[in-house]
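I have placed the structure first, in the form of structure tokens, so that the comments after it can refer back to it.
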Amino acid sequence: MTPGTGPVGPAELLAAWESGLALGAADRSLLLHRAARPGTGTDALLSVPVGEREADLFALRRSLFGELMQVRIECGSCDEAMEFDLDAGALGARGTVPDRPLRVAEDGWVVEFRLPTVADLAAAGGAGTTGTPGPHGPHGSHGSHGSPSDARRRLLTGCTLRALRDGEPVSAEQLAELLPERVEQLIAEKAAEADPTAEVTLNVVCPECGASTVAELDISFYLWTELDNWARDLLLDVHLLATAYGWSEPEILALSPLRRRYYLELCTDA
């Protein structure tokens, strides 16, 4: 696995990988986002809408590892392993962030809200995807406290700018208790329509039993797994070339991937 020309070089990627080994999922996502936007401050990264962060990570993935993503998930009915390729460019297409609050009016309720940011997601407890874990496939992540439904409610109340029930203002605390599921669902659909990259859902039909399996693709987990595999392979290459030629790690990393591979082949042939 060889990264292409991206916003950061091999030495910087190795440093990022080393830093991320001891981090949790949320901090690794921030680490990868910082690699996608070099020089951007933490506060600025946390303030972007979730879909914009995901689009940045898809773009980073394309720049490092190419357009095709190999995905492996298991059928939810018969456990058959299903492997296929996805187009990272199509999945990470950027949308246009609305320049005004979103609005839902239903059953006497009027709710105005904004798209969730990365900071909102963390504050809600890390409500994430619920796909099938695997080294090359969707991955599930859950909040650090409470159920997924509780986390969704915290996310909703945190992003609500104004709520009215039959014309009367509703506080955030009341909103969490009183908002009907139907209105909550409409808000989720409106947010997904405005920010489709925030949650990439796959619906895969099993070739063995014909059942459909729904999974959400976590680009942060996927990209970190690829980076981890790449880093470990590269360190092995450094070890072999340093042993054979006495070169230092910076000297080896300065070589192009093509030249490194050529020298490795010479070591094998020797």
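Heavy-atom basis, side chains included; hydrogens, waters and symmetry copies ignored.
Between Leu102 and Glu193, every side-chain heavy-atom pair lies at or beyond the 4.5 Å cut-off. Using a 4.5 Å heavy-atom cutoff, the side chains of Arg232 and Asp228 are in contact. Looking at heavy atoms from C-beta onward, Met69 lies in side-chain contact with Arg61 at the 4.5 angstrom threshold. The shortest side-chain heavy-atom distance between Leu60 and Leu223 falls under the 4.5 Å cut-off.
Arg100 meets the salt bridge (Lys or Arg N to Asp or Glu O under 4.0 Å) test with no other residue; sequence neighbours excluded.
Residues Asp107 and Arg182 are not paired through a salt bridge, judged by the lack of any N-O separation under 4.0 Å between the basic side chain and the carboxylate. With respect to Glu265 and Arg260, no salt bridge is recorded, no charged nitrogen being found less than 4.0 Å from a carboxylate O. In summary, Arg154 and Asp120 do not engage in a salt bridge, as defined by a charged side-chain N under 4.0 Å from a carboxylate O.
Atom CG of Leu253 is separated from atom CG of Asp237 by 10.0 Å, given to the nearest 0.5 angstrom. Annotation: the span from Arg261 atom CZ to Leu255 atom CG amounts to 12.5 Å, rounded to 0.5 Å.
Side chain of Asp195 to main chain of Gly51: a donor-acceptor pair is present (N/O by atom type, distance under 3.5 Å, no hydrogens or angles). The main-chain N or O of Glu112 is never found under 3.5 Å from a side-chain atom of Arg162 such that the two would form a donor-acceptor pair.
Judged purely by distance below 3.5 Å, without hydrogens or angles, the side chains of Arg34 and Thr42 pair a donor atom with an acceptor atom. Side-chain atoms of Glu181 and Gln185 include no donor-acceptor pair closer than 3.5 Å.
Considering Asp218, Ile219, Leu91 in turn, Leu91 is the only one that fulfils the side chain to side chain contact (heavy atoms under 4.5 Å, CB included) rule with Val200.
Among pairs with a residue in residues 79-122, none fulfils ring pair (Phe, Tyr, Trp, His ring centres under 6.0 Å), at least two apart in sequence or across chains.
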